[in-house]
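Just so it is clear, the values below take in all heavy atoms, side chains as well, and ignore hydrogens, waters and symmetry mates. Keep in mind it's a predicted model, so treat the numbers as computed, not measured.
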Amino acid sequence: MSLTDFFSPVNTDSFIPKQGFFTSQLGLKAEIHTESFPDLEENKYDLAIIGVLDGRSAINNEGCALGPDYFREKFYKLNEGGFTSRIVDLGNIKHGVTLADTYTAVKMAVSELIKKNIIPIIIGGGQDLTYAQYLGYEDLEQKVDLVIVDNQFDIDDDSHDGIATRSDCYLNKIFLHQPNYLFNFSNIGYQTYFVNQESLSVMDKLYFDVHRLGEFAQDITLTEPIIRNANMISFDIGAIRSADAAANANTTPNGFDGEEACRIARYAGMNDKLTSIGFYEFNPAYDNNGQTAFLLAQMVWYFMEGFYARKKDFPLTPKSQFMIYRTSLKDGSGEMVFVKSKKSDRWWMQVPYPSGQSKNERYHLVPCRYDDYQVAVNGEMPDLWWRTYQKLS
C-alpha cells in the first residue's frame, strides 16, 4: 500500500479567510493535500503535517479526534518567520476500522517520511498514538531516544492484544516491545502527585531520566539538553496548565505555561537528531475561544523556526568547530571528556562503551549542560554520565 491510501484530503473551505490568505501567511506557503496527493519524491519538503482522526483510545478525551482541522484554522493564518519553509500538509489519516488499522497507517507514514528525510509533525488523536509513532522506527535499524512531555507516566496495566493500546498505558507497550530498539526514555514535566512511587522506582532501576515540573520553574532552558537527546518527541497538551490550554478533558491547574510550551517546541526543532514529533490530546470540545488551538499552532510555528535555525553541529563534524575539555576524577580512576560546539556553545559529554559492547564506536555522546562540566571539574562524576554508562553496559 502507498501513503495515499491512508490519507483523506483537507477541506480548506473551513479555514480559508473570505479575503483569502496574505502572501506572507503559511496558508500560501504550505502545499496542502486538497485533491491530488503531494509528490514526496522530489526533495521539496522538510516538514509534513499529519492529522489523525482517531481518539477512541484517548481515556476520557475522545474528542481529540477532531483536533487537526481546528489546529489548521489557526496555523495557516500565521505569518512565515525569518525562514523559507518547505512544508507539506498530507491531510488526515482516516479513522481505521480497528485501532490497529490506524496505528499501522501512522507507523507507515512516519517510517516512509523519515526515510525521505522529512520530519512528520503529528497533530490530533490520543497520546496512545505515540506507540504507533515509535513503531515507525522499527525498520530503520537504529536505537531510539524517546522524550515525552507529560504530567504523569502512562504505564498502567495494558490488556490489549496486538499493537492496540490506550493513552494511559502506551509506555508499557514501548518498554516491552520486541525487538527492543529503545535506548533511553526521558520525561519532562511530571507532577509527583500524579505518579506513584513504584513507578519512580522502576524509572530509576531502568536508568531512565525523569524530571519534575518544578525543576524547570525558574529556568526552562534546562529542558534543552534533554530534548537535544531525542530522536522522537511526544507532547501531551495536558502537560500545559489549564489556564493556557483548556482544550483537554484531563487538564489540571498546574503545568507549563504557553510561553514555556513554545520554547520547548523550539528546542525540539533545533535538535539535529530529531526525526519526528507528535502533539496529542488537543480536544476542541473544551477549547475556550480557540485559545488552545492558537497555542498549538504557535507551538508548531516555533518548532518550524527552531528547525530552520539548526546549527547542524551533531554529529560532531568538522572537528575544527569543537573544543575538547578533559577533567580528572578525584579518586584518580580516570578522566572525563567534554565537547563544546563553537557554533552553538552547546555541550556534550563522551561516555565510553564498556569493553566489548561496541565494535564500531569508542564512546557514546550525550547532550549535557555547562553545569555538568563544572561538576566534573570539581572531580565529581555527573549523574547523567553514570546513568548513561549503566545503560551502555
Side-chain angles (χ1 to χ4, degrees), residues 1-16 21 25-55 64-78 80 84-96 101-126 129-137 139-140 232-235 265 268-269 274-280 282 284 293 296-297 299-301 303-304 307-308:
M1 298 181 73
S2 68
L3 292 186
T4 58
D5 298 318
F6 298 122
F7 286 91
S8 58
V10 177
N11 178 14
T12 56
D13 293 339
S14 62
F15 59 80
I16 293 181
F21 290 112
Q25 290 179 311
L26 291 171
L28 288 183
K29 300 294 183 179
E31 180 166 343
I32 303 174
H33 173 200
T34 55
E35 295 180 359
S36 60
F37 193 77
D39 185 355
L40 303 178
E41 303 297 333
E42 298 181 2
N43 193 29
K44 295 192 298 184
Y45 310 113
D46 301 312
L47 308 167
I49 301 288
I50 297 175
V52 185
L53 306 180
D54 196 333
C64 59
L66 302 175
D69 284 345
Y70 284 86
F71 156 79
R72 289 183 174 102
E73 179 185 357
K74 307 300 183 183
F75 179 69
Y76 287 121
K77 292 177 183 176
L78 300 180
E80 190 176 52
T84 301
S85 58
R86 304 200 315 158
I87 185 167
V88 60
D89 188 331
L90 299 182
N92 296 317
I93 287 181
K94 306 167 188 175
H95 186 289
D101 293 334
T102 303
Y103 284 17
T104 299
V106 173
K107 170 187 174 179
M108 290 189 64
V110 169
S111 181
E112 288 303 307
L113 289 169
I114 292 175
K115 290 175 183 177
K116 297 180 189 301
N117 203 30
I118 301 172
I119 295 180
I121 303 172
I122 305 167
I123 305 291
L129 293 169
T130 304
Y131 182 50
Q133 180 185 350
Y134 174 75
L135 291 175
Y137 291 79
D139 298 327
L140 301 182
M232 62 169 280
I233 290 178
S234 168
F235 197 122
L274 189 80
T275 49
S276 74
I277 188 167
F279 298 92
Y280 302 109
F282 162 55
L296 178 55
M299 289 167 65
V300 175
W301 187 96
F303 176 81
M304 291 173 59
F307 175 82
Y308 287 108

Side chains of [X] and [Y]: closer than 4.5 Å at any heavy-atom pair?
X: Leu113; Y: Leu40; value: yes
X: Ile277; Y: Phe235; value: no
X: Ser2; Y: Phe37; value: no

Inset, instruction - Can you spot which of Val52, Leu296, Asp89 makes a side-chain contact (heavy atoms from CB on, under 4.5 Å) with Ile123? - result: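 With Ile123 as partner, Val52, Leu296, Asp89 yield a single side-chain contact (heavy atoms from CB on, under 4.5 Å), made by Leu296.
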Restricting to non-hydrogen atoms, name the atom on [X] and the atom on [Y] that form the minimum distance, rounded to 0.1 Å.
X: Ser111; Y: Gly136; result: CB-O, 3.2 Å
X: Gly91; Y: Arg72; result: O-NH2, 3.2 Å
X: Lys44; Y: Asp39; result: CE-O, 4.1 Å
X: Ile122; Y: Val110; result: CD1-CG2, 3.9 Å
X: Gly96; Y: Thr102; result: N-OG1, 3.0 Å
X: Tyr280; Y: Leu129; result: CE2-CB, 3.6 Å

Inset, instruction - Would you please test Asn92 and Asp69 for side chain to side chain contact (heavy atoms under 4.5 Å, CB included) and show each step? - result: CA-CA 9 Å; Asn92 296 317; Asp69 284 345; 3.7 Å; yes
Inset, instruction - For Tyr308 and Asp46, test the side chains for any donor-to-acceptor distance below 3.5 angstrom and give the result as yes or no. - result: yes
Legend entry - Tyr137 and Ser276 side chains, donor-acceptor separation under 3.5 Å: yes
Legend entry - Stepwise side chain to side chain contact (heavy atoms under 4.5 Å, CB included) check, Leu140 with Thr275: CA-CA 12 Å; Leu140 301 182; Thr275 49; over 6 Å; no
Within this structure, what is the [atom1]-[atom2] distance for the pair [X] and [Y], rounded to the nearest 0.5 Å?
X: Asp139; Y: Lys107; atom1: CG; atom2: NZ; answer: 5.5 Å
X: Ile114; Y: Gln133; atom1: CD1; atom2: CD; answer: 8.0 Å
X: Ile50; Y: Phe7; atom1: CD1; atom2: CZ; answer: 4.5 Å
X: Ser85; Y: Trp301; atom1: OG; atom2: CH2; answer: 10.5 Å
X: Thr130; Y: Leu135; atom1: OG1; atom2: CG; answer: 11.0 Å
X: Thr34; Y: Ile16; atom1: OG1; atom2: CD1; answer: 8.5 Å

Inset, instruction - Go through the steps for Val300 and Ile49 under the test side chain to side chain contact (heavy atoms under 4.5 Å, CB included), then give the verdict. - result: CA-CA 10 Å; Val300 175; Ile49 301 288; 4.3 Å; yes
Legend entry - Other residues, nucleotides, ligands: >12 heavy atoms within 6.0 Å of Tyr70 OH: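 No, the 6.0 Å shell around OH holds no more than 12 heavy atoms from other groups.
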Inset, instruction - Give the ring-plane orientation class for Phe15 versus Tyr76, where under 30° counts as parallel, over 60° as perpendicular and anything between as tilted. - result: parallel
Inset, instruction - Run the ring-centre check on Phe282 versus Phe71 and record whether the distance is less than 6.0 Å. - result: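 No, too far apart.
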Inset, instruction - Report the C-alpha distance between Arg86 and Glu31 in whole Å, list the side-chain angles of each, state the deciding distance to 0.1 Å, and finish with yes or no for salt bridge (charged side-chain N to carboxylate O under 4.0 Å, His left out). - result: CA-CA 8 Å; Arg86 304 200 315 158; Glu31 180 166 343; over 6 Å; no
Legend entry - Full working for side chain to side chain contact (heavy atoms under 4.5 Å, CB included) between Phe303 and Leu274: CA-CA 11 Å; Phe303 176 81; Leu274 189 80; 3.4 Å; yes
